[in-house]
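By convention in this document, chain letters (A, B, ...) are assigned in the order of the sequence lines, proteins followed by strands, and residues within each chain are numbered from 1.
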Amino acid sequence: MPEILRVEGLKKTFTLSAKQQKLEKTRSKTKVAVNDLSFTVNEGEIFGLLGPNGAGKTTTLRMLATLIRPDSGDAFLDGFSVKTQPYEVRKLIGFLTSELKLEEFFTPNYLFDFFANLHNVGRAAREARKAELFATFGIAEFAEVKVANLSTGMKQKVSLALAIIHDPKIIIFDEPTNGLDVLTAKTVTDFLLEQKASGKTIVVSTHIFSLVEKICDRAGIIIDGTMAVCDTLSALTADKSLEDKFFDIYSESVGDEQ
Amino acid sequence: MNKNIITIMKKEFARFFGDARMVVTALILPGLMIYVVYSFMGVAMKDMFMPSDDHTPVLNAVNFPQSIAKIAPQYGFEVNAVTDTDEIRTQIGNKETDILIVFPEKFDESVESYDTKLSSVKPPNIEIYYNSVNPDSSEAYGLAVSMLDEYEASLSNKFDINRDVVSDLATNEDVMAFSIASLLPFLLTMLMFTGCMSLAPESIAGEKERGTIATILVTPIKRSELAIGKMLSLGVLAFLCGLSSVIGTFVSLPKMMMLDESGIDMNIYGAVDYVLIALIVLSTILMIIAVISIISAFSKTIKEAGTSVTPLMIVVMVVGISSMFGGGAATEITYYLIPLYNSVQAMSGVFSFNYSMTNVLVAIISNVVYACAGGFILTRMFNSEKVIFSR
């Protein structure tokens, strides 16, 4: 399969406030969130970024989604650079994270039209897409209810539908099943598998091993902002379970530092 | 106009007009409140300070002289000759009667024989008692003083001032324009500012606080389009809110200023004046929206934005009051480059028919330039991850 996403030496440093320095128990004024990270993703696969909290997963995905700029390094999505062509990159991706909220005042129907306009989807195409996605996710029955009055599961379904209005080639999903009950989580994993089946490329970040084992073709384990290992899932789980493998790698890399 | 800008504007309008609470509190209530409060204040002040129209002033007099008795009816007095001054004074204190004048005995003779140059004693003295809290009594007092002054002047009439001449050459229009020019720029500035203040923090800091702005930022919309769309829609909404307040003010101002039914005649201004005022107001609103939007973008929450904008409110009030003092609108062109001050001076000039077109245009254009600069800064801020993701 051809490569569609290439990450080259991505680096991101945050400045810490005095308060954050205390929390992190450090005197350094900066924190390296992502340090020289490189990996590639092939077209049509589900790639998982696995790592503990604070490893730099979310920061990496935000850089891929062009919400924040890398300090150095670059990433290319279908040939477009996140640094120099963010506008083109945004046309290409559907980005989903629990931090991107929907305006509670509006109805799913209104928000669908709004985001379709921002994604330059024409009226006819929009209505067809709406019918399709609302049916897939069962949104039609609450399409005219304000988002504020929807349950967490319903909101998640609306978010999924809105993220792929423009039929993006690449779907980037930060912590897809965090905080969801098993039923909603299943909706999400089913959604990801369906998208894969229809030829999309998917990048997810998570700290849940079972999710990676269930859906990912390849995975990279990030520890302290660097890629500890990156391989196909079958290679990663050849001799032991993913969780045991992770503990091995973790004690290795943390041991290196100490 | 750019499609994305229109999409953002439509969303802002849908957000505003779809929310009954917002429409009532930001659009309808300010105008209504101003109308109710101003009208109430006007009526209350009229009650307090204005004498009743149908009241005949009652003059109680001791030793009432012939000379004054002749002229008193011309002043509309109903005269009571009395002897018991204590009782009348009590009645005046109780607002039961208007005034008491105590003339010295043989007043006319004393006045006749008194020579201002040669007499060594003091002239005859008249005592007038009244009650300043009772408007009827106050009015009767004023009337009595002017009646007596005029009588005194007539005794030694050597020359008159302004006999049978209308000496104030200011036309009615000028008088009206003068009072409008001193009051309206301040009111309009305040109303514009409060209009903007009730909208921009909600739309920008609010979207940040709720995490909805990042959802928009991952779509292929240019940051400049988002900034312009927000500023234009907020500008239009702030204009509508301001308009509501202006209508409330205009309808109630005659009552507030205790004018008669004819009220304020705004027909004294022509089409050009109104167009200039509208342009000044619109450009000022855009400028204010830009400033408050930037402050809001820096803030993490709506509350923080509101707190940060409040000190600015004081500056706006001080600048607004500047139209009430000083001798009319400033003439130096450089004053018209100072944001806000330029608008107040330009409005003051237009309202008082005393302005230079160049200065007014400089004010309008500089406001638009400041708004564009603000839009540029806002765009940069929407591009900054520090601003968008600051917690």
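For B:Ile213, no part lies near chain A; criterion is any non-hydrogen pair under 4.5 Å. Heavy-atom distances place both the backbone and the side chain of A:Asn120 under 4.5 Å from chain B. Residue A:Phe114 touches chain B through both its backbone and its side chain, counting heavy-atom pairs closer than 4.5 Å. Only the side chain of B:Glu207 has a heavy atom closer than 4.5 Å to any heavy atom of chain A. Residue contact with chain A, scored on non-hydrogen atoms closer than 4.5 Å, is absent for B:Asn383.
When the shell of 6.0 Å around CE of B:Met33 is examined, it contains 12 or fewer heavy atoms from other residues, nucleotides or ligands. Residue B:Phe186 places its CZ atom among more than 12 non-hydrogen atoms of other residues, nucleotides or ligands, all under 6.0 Å distant. Other residues, nucleotides and ligands contribute over 12 non-hydrogen atoms within 6.0 Å of the CZ atom of A:Arg126. Counting non-hydrogen atoms of other residues, nucleotides and ligands closer than 6.0 Å to NZ of A:Lys155 gives a total above 12. The neighbour count for B:Phe376 CZ, taken as heavy atoms of other residues, nucleotides or ligands under 6.0 Å away, does not exceed 12.
Of the possible polar contacts, none joining the B:Thr215 side chain to the A:Leu102 backbone as a donor-acceptor pair under 3.5 Å is found.
How far CZ of A:Phe115 is from OG1 of B:Thr219: 7.0 Å, rounded to the nearest 0.5 Å.
For the 3.5 Å distance criterion, the side chains of A:Asn117 and B:Lys10 fail to qualify, holding no donor opposite an acceptor.
The shortest distance between side-chain heavy atoms of B:Glu385 and A:Phe14 falls below 4.5 Å. A heavy-atom distance below 4.5 Å is found between the side chains of A:Leu118 and B:Ile216.
Annotation: maximal heavy-atom pairing with chain B below 4.5 Å, among A:Arg69, A:Glu104, A:His166, A:His119, occurs at A:His119.
Across all their heavy atoms, A:Tyr110 and B:Ala14 have their closest contact at OH-CB, 3.4 Å. Of all non-hydrogen atoms in B:Ala214 and A:Leu100, the two that sit nearest each other are CB-CD2, 3.2 Å. Heavy atoms only, all atoms of each residue included: B:Arg223 and A:Thr66 are closest at NH2-O, 4.3 Å.
A salt bridge links A:Glu103 to B:Arg15: at least one charged side-chain nitrogen sits closer than 4.0 Å to a carboxylate oxygen. In this structure, A:Lys101 does not pair ionically with B:Glu209, as no charged nitrogen and carboxylate oxygen lie closer than 4.0 Å.
Interface with chain B: from residues 82-95 of chain A, residues A:Tyr87, A:Arg90, A:Lys91, A:Phe95 qualify, criterion being any non-hydrogen pair under 4.5 Å.
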